[in-house]
Amino acid sequence: MQISEKQLAQVNDRIQALIKADNFYGKKLKEACITELKTPEDFLKLPFSEKKDLRDAYPLGLMTPPEEDIVRIHSSSGTTGTPVIIPYTRKDVEDWATMFTRCYETAGITNKDRIQITPGYGLWTAGIGFQAGAEKLGAMVIPMGPGNTDKQIEMMTSLGSTVICATSSYALLLAEEIQKRGIRDKIKLKKGVIGSERWSKKMRDRIANELGIELYDIYGLTEIYGPGIGINCQNETGMHYWDDYIYLEIIDPKTGEPVPDGEQGEIVITTLVKEGAPLIRYRTHDLSRIIPEKCSCGRTYPRIDVIMGRTDDMMKIKGVNVFPSQIEEVLGTFPEISSEYQIRISHLDGKDTMRIYVETTGDVDFNDLTKRIAERVKSRIGFTPIVKAVEVGVLPRSMKKTARVIDERFSEE
Ligand code: ZN
């Protein structure tokens, strides 16, 4: 999706601010001798920014306006090395709330709703973002923060919360707990707004069915305001994003070149009006695609597909880019197999081979099942894998993140 004239003017404005601040991106601009963009082609000459640039700017190197304009900072969790500190001006905080309000409205949530917020507050951008948007909408906020499931359920039943905001894992835990206690008739929930980590359709359906609610995926990252820069509408066909605040590109993660609309690649975001820490062509490492068609809901905000994973998950097999999420999605359509699977990729006789191991019970015809799975995977990714079925419990289990993809092509030499 080509950058519009208005967006280009906004980027030019940010470029001036960054050069003046002389921070990491201001320096990049100087090195590239860029002071102004005249055409959409010029935009593509702008250098990317990376998480590492942001880490190197710790603590306040991203601050672009004078310090008296900064009203708040947020920080990414920093599980891997130095955290990233993002400064916000008053306008940034307000803009973020406006975007978040738009997310709630897109989900059909109104000022008559009671919104229970379970993501964390504090340095993390989640809780406070959900709250500011809900208050701006005029809804009643129940600011729980994470954990304490007993208290969550008590407040949910006595206050009659109609909306739950949560991560997908916590939403599942709550759904299971409500089912276990047999109190679904005491719950008034209608909608769930879920932070858009990648989750399988099996998990999504389970939460939706057990709580009897509609689910909305909200998108965002701390570096770019936080959650709230996009959400799906009732049609559940990807997520609308707010192109008056961000310009979003999809690039080939290997070459850095933009891909045509509709093709998968890495999401790269430019903030158009952010003051505290404007970011230009920031590589998110999230994988998705622009959905080129107009949404039948009538909204003109552009759409991206649900997040398919991270660039580090991508596998190139037989010249085709394959994401584990695509395989997982296909496997999710077979009720006779368990949620566990394993993908092994090897290189034999000059050819890439993909084997998929799935688990099922003994009363299923293994040959017939594996044939049907292979056909359905082929129609999704374009080539036929070798599918092998094993008894339930045979594949390795892990308390943490299970390694589901094993690429033997690089380890055999
Ligand atoms: Zn729509």
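- Here the closest heavy-atom approach between residue Phe130 and residue Pro227 is recorded as CE1-CG, 4.3 Å.
- We find the CD1-CG distance between Ile229 and Leu248 to be 7.5 Å, quoted to the nearest 0.5 Å.
- A side-chain donor-acceptor contact under 3.5 Å links Asp407 to the backbone of Arg409.
- Atom CZ of Phe48 and atom CD1 of Ile280 lie 12.5 Å apart (nearest 0.5 Å).
- Scanning all heavy atoms of the two residues, the minimum distance from Ile194 to Ser168 falls at CG2-N, 3.5 Å.
- Not a single donor-acceptor pair under 3.5 Å links the side chain of Thr157 to the backbone N or O of Lys186.
- Put simply, the side chain of Pro83 reaches to within 4.5 Å of the side chain of Tyr58, judged on heavy atoms.
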| message | Glu266 vs Arg283, test: salt bridge (Lys or Arg N to Asp or Glu O under 4.0 Å). Steps then yes/no. | response | CA-CA 7 Å; Glu266 178 180 345; Arg283 296 189 63 159; 2.7 Å; yes
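- A salt bridge does not link Asp95 with Lys274: none of the charged nitrogens is closer than 4.0 Å to a carboxylate oxygen.
- For Tyr121 and Gln131, the side-chain atoms include at least one donor-acceptor pair closer than 3.5 Å.
- A heavy-atom distance below 4.5 Å is not found between the side chains of Ile115 and Ile142.
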| query | Could you go step by step and tell me if Tyr219 and Asn232 meet the side chain to side chain donor-acceptor pair (under 3.5 Å) rule? | reply | CA-CA 9 Å; Tyr219 182 58; Asn232 63 282; over 6 Å; no
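- Within the 3.5 Å criterion, the main-chain N or O of Thr237 finds no donor-acceptor partner in the side chain of Asn235.
- Within the 4.5 Å cutoff, the side chain of Val358 has no heavy atoms near those of the Val390 side chain.
- Atom CG of Asp349 has 12 or fewer neighbouring heavy atoms from other residues, nucleotides or ligands inside a 6.0 Å radius.
- The two residues Leu44 and Pro258 make their nearest non-hydrogen contact at CD2-CG, 3.9 Å.
- For Lys191 (side chain) and Ala107 (main-chain N/O), a donor-acceptor pair under 3.5 Å exists by modelled atom type.
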| said: Pair Asp261, Arg289 - check salt bridge (Lys or Arg N to Asp or Glu O under 4.0 Å), show working. | reply: CA-CA 7 Å; Asp261 286 352; Arg289 65 183 191 104; over 6 Å; no
| Does the pair Lys180 and Glu210 meet the rule for a salt bridge (Lys or Arg N to Asp or Glu O under 4.0 Å), with working shown? | CA-CA 10 Å; Lys180 209 189 290 170; Glu210 265 172 29; over 6 Å; no
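- At least one donor-acceptor pair closer than 3.5 Å links the side chain of Ser288 to the backbone N or O of Asp305.
- The salt bridge (Lys or Arg N to Asp or Glu O under 4.0 Å) test applied to Arg303 returns no partner, not counting sequence neighbours.
- Residue pairs satisfying the ring pair (Phe, Tyr, Trp, His ring centres under 6.0 Å) criterion with at least one member in residues 272-307, sequence neighbours excluded, are listed as follows: Trp242-Tyr301.
- Under a cut-off of 6.0 angstrom, the local environment of NZ in Lys318 is crowded, with over 12 non-hydrogen atoms contributed by other residues, nucleotides or ligands.
- Here the side chain of Thr270 pairs a donor or acceptor atom with the backbone of Arg281 at under 3.5 angstrom.
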| query | Going through the checks in order, is the salt bridge (Lys or Arg N to Asp or Glu O under 4.0 Å) test met by Asp69 and Lys91? | reply | CA-CA 9 Å; Asp69 293 344; Lys91 180 179 186 295; over 6 Å; no
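- The minimum heavy-atom distance between Ser49 and Lys28, with the atom names listed, is CA-NZ, 4.1 Å.
- A 6.0 Å sphere centred on NZ of Lys136 holds more than 12 heavy atoms belonging to other residues, nucleotides or ligands.
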| request: Given side-chain contact (heavy atoms from CB on, under 4.5 Å), test Asp56 with Phe24 step by step and report yes or no. | output: CA-CA 9 Å; Asp56 291 347; Phe24 86 92; over 6 Å; no
| field | side-chain contact (heavy atoms from CB on, under 4.5 Å) evaluation trace for Val377 with Thr384 | value | CA-CA 7 Å; Val377 170; Thr384 311; over 6 Å; no
| said: Run Leu369 and Glu336 through side-chain contact (heavy atoms from CB on, under 4.5 Å) and show every step you take. | reply: CA-CA 9 Å; Leu369 173 70; Glu336 56 272 61; 3.5 Å; yes
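- Atoms NZ and OG1, from Lys51 and Thr82 in turn, are 11.0 Å apart once rounded to the nearest 0.5 Å.
- How far CD1 of Ile224 is from CG of Leu221: 5.0 Å, rounded to the nearest 0.5 Å.
- Using a 4.5 Å cut-off on side-chain heavy atoms (C-beta onward), Ile345 and Val405 make contact.
- When side chains are defined from C-beta on, Tyr88 counts as touching Trp96, because their heavy atoms get closer than 4.5 Å.
- Without hydrogens or angle criteria, Trp124 side chain to Thr222 main chain gives no donor-acceptor distance under 3.5 Å.
- For the atom pair NE2 (His347) and CD1 (Ile317), the distance works out to 12.5 Å, reported to the nearest 0.5 Å.
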| query | Checking side chain to side chain donor-acceptor pair (under 3.5 Å) for the pair Asp363/Thr361: CA distance, chi angles, key distance, verdict? | reply | CA-CA 6 Å; Asp363 50 350; Thr361 52; 2.6 Å; yes
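- Comment: Asp244 engages Arg102 in a salt bridge, judged by a side-chain N to carboxylate O separation of less than 4.0 angstrom.
- In this structure, the separation between CE on Met156 and OG1 on Thr118 is 8.0 Å, given to the nearest 0.5 Å.
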| task | Could you please spell out the steps behind the ring pair (Phe, Tyr, Trp, His ring centres under 6.0 Å) verdict for Tyr225 and Phe100? | result | CA-CA 10 Å; Tyr225 296 100; Phe100 221 121; over 10 Å; no
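- The pair Arg344-Glu408 meets the salt-bridge criterion, since a charged nitrogen lies less than 4.0 angstrom from a carboxylate oxygen.
- The closest side-chain donor-acceptor pair between Arg114 and Gln116, if any, does not fall under 3.5 angstrom.
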| Should Gln10 and Tyr247 be marked as a side-chain contact (heavy atoms from CB on, under 4.5 Å) after you check the CA-CA gap, both sets of side-chain angles, and the distance that decides it? | CA-CA 10 Å; Gln10 288 170 318; Tyr247 175 63; over 6 Å; no
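- Summarising the geometry of Asn23 relative to Met63, their closest heavy-atom pair is ND2-O, 4.4 Å, with the distance given to 0.1 Å.
- A donor-acceptor pair under 3.5 Å is formed between the side chain of Thr101 and the backbone N or O of Gly133.
- A donor-acceptor pair under 3.5 Å is absent between the side-chain atoms of Thr271 and the main chain of Val273, judged by distance alone.
- Looking only at distances, a side-chain donor or acceptor of Thr110 sits under 3.5 Å from a matching main-chain atom of Lys112.
- Taking the charged nitrogens against the carboxylate oxygens, Arg380 and Glu375 have no contact shorter than 4.0 Å, which rules out a salt bridge.
- Within a 6.0 Å radius of CZ in Arg90, no more than 12 heavy atoms belonging to other residues, nucleotides or ligands are found.
- Residues Ser161 and Met155 approach most closely at OG-O, 4.1 Å, considering heavy atoms.
- By the 6.0 Å and 45° rule, Arg310 does not stack over the aromatic ring of Phe323.
- Atom CE of Met315 is surrounded by more than 12 heavy atoms from other residues, nucleotides or ligands within 6.0 Å.
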